[in-house]
Amino acid sequence: MSHVVTRFAPSPTGHLHIGGARTAIFCWLLARHYGGRFHLRIEDTDLLRSKQEYTDSILASMRWLGLDWDGDLTYQTQRADVYSRYVDKLLETGHAYWCDCTPEEVEAMREEARQKGLKPRYNGRCRTRELGPGVGRCVRLKTPLTGKVVFDDMVKGRISVDVSELDDMVLRRADGMPTYNMAVVVDDYEMGITHVIRGDDHVSNTPRQILIYEALGLPVPRFGHVPMILGPDKQKLSKRHGARAVIEYQQDGLLPQALVNYLVRLGWSHGNQELFTRDELIEYFDGNNLNPASAAFDPAKLEWCNAHYMREMLLSDLARLVAPFVQQVGLGDLGQERLEALCLMFRERANNLKALAESFRPLVLPAAELVHAEKDAKKHFTDQGKEHLRKLSAVFAACESFDADTVDSALNAYVADNGLKFKEVAPPLRTALMGFMGGSHLKDIMAFLGREETLERLKRVTG
Ligand code: GLU
């Protein structure tokens, strides 16, 4: 394909959620794969629910995810005149007509159809009345009376809808505002969109939009309707199961590359590959292999994916990214060097940046504030355990320097020289240093703490 133009068209009535984010990722990838363009259009015609703060938030999430867009943003509210021109064109060519039926009358027609067991619909009363403009009049499309609308969906395959299912839809409301379908067609045409990828909640709009393209004599783009993301229980995705805003995942300390990687796999595949670099995604995402079945959201897999990227990234980058979370959990500004040392010790043990920051706490607190887990203290601070700690204090005090290798040798020598087993000595030492039976390698913990702080922690136990 030589020329691919896609767009993401969010309504700014809330933050960007993961379903929308996945759609945006698909659109972005398709454009980047073919070296085309990706546009962003803000569908803000719902004046009551649209808010600038949501537009700002959606843009921030797009940037955070690394989904850059081409050209300027388009706001639908700024384009009412453009839509109107196209409606006028349809009136001139006889593809549309004025209608003065009141909402009550239209509702009565719909009710009548319902009574007859038919789909509720407008009955075409004004179609042949040749009305002109007037107060309270809307404009409707003169839908062909027979035939089918057929299109090959990129995800769902061939879709065919009989026009008898579609009534003469309103194109421009009595207040002069275009309807959603009208505006979308005009925008997609004017923006040169070749591929419309969106959620399948819009699939019933597509035949209507195709009728508008045809009435205007415009080329019809390709459509792809991606199925909803379901919860782990295969029900509608609930808040509890991850139906959350991208910004919430960001605040929880997820990495954008993990979220992108995870979401792209929810509905698209490339063999069995699970982890992709961004370049690989761009290389492989050609619009094929989009799964028509709904995928279930799996929080554990997302965490796994995130853990992978946390382990893989440059230590210096991880330290920079975790810094705000360290501040947020109340551990202050530790400086890049100490953060890197902590990340090295704990990054294998945390699945997100927030948990990583939290795992630093025992090592960052002053000795006096360290809390000993009751169970571990009881088990390991026995008379014998304390005796080891007392002797180790002397050993560590005598170390020439306090780097990881030196303290490690000193500890090993203590164990060997006294005919002990490591597991007799390590648990009380670990509990004294960390407050619980967890953490990283003892030598790294001690090197990080330094001699003074290490001895201080031992003293708190030995008294
Ligand atoms: N504004 C619509 C939405 O947020 C998207 C419509 C489209 O992609 O055509 O659901």
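We count ligands from 1, going down the list as the structure has it; atoms in each ligand are counted the same way. Below, all heavy atoms of this structure are taken into account, side chains as well, without hydrogens, waters or symmetry copies. We count residues from 1, following the sequence as given.
Nearest protein neighbour of atom 8 (O) of ligand 1, counting heavy atoms only, is R7 NH1, 2.7 Å. Among protein heavy atoms, the minimum distance from atom 3 (C) of ligand 1 is reached at H202 NE2, 3.6 Å. Annotation: atom 5 (C) of ligand 1 to nearest protein heavy atom, A9 O, 3.2 Å.
Contact check for K301 versus Y262: side-chain heavy atoms found under the 4.5 Å cut-off. Between T143 and D167 there is no side-chain heavy-atom pair separated by less than 4.5 Å. Between F285 and L290, the closest side-chain pair of non-hydrogen atoms falls below 4.5 Å.
Looking only at distances, a side-chain donor or acceptor of R430 sits under 3.5 Å from a matching main-chain atom of G438.
Defined by atom type and a distance below 3.5 Å, a donor-acceptor pair is present between the side-chain atoms of H225 and D153.
To the nearest 0.5 angstrom, L65 atom CG is 14.0 Å from R22 atom CZ.
For ligand 1, the atoms lying closer than 4.0 Å to a non-hydrogen atom of S11 are 1 (N), 2 (C), 3 (C), 4 (O). Contact atoms of ligand 1 toward E43: 1 (N), 2 (C), 5 (C), 6 (C) (distance under 4.0 Å to a heavy atom of the residue).
The option from R198, Q76, R41 that lies nearest to atom 9 (O) of ligand 1, judged by heavy atoms, is R198.
Ligand 1 has at least one atom lying under 4.0 Å from a heavy atom of Y180.
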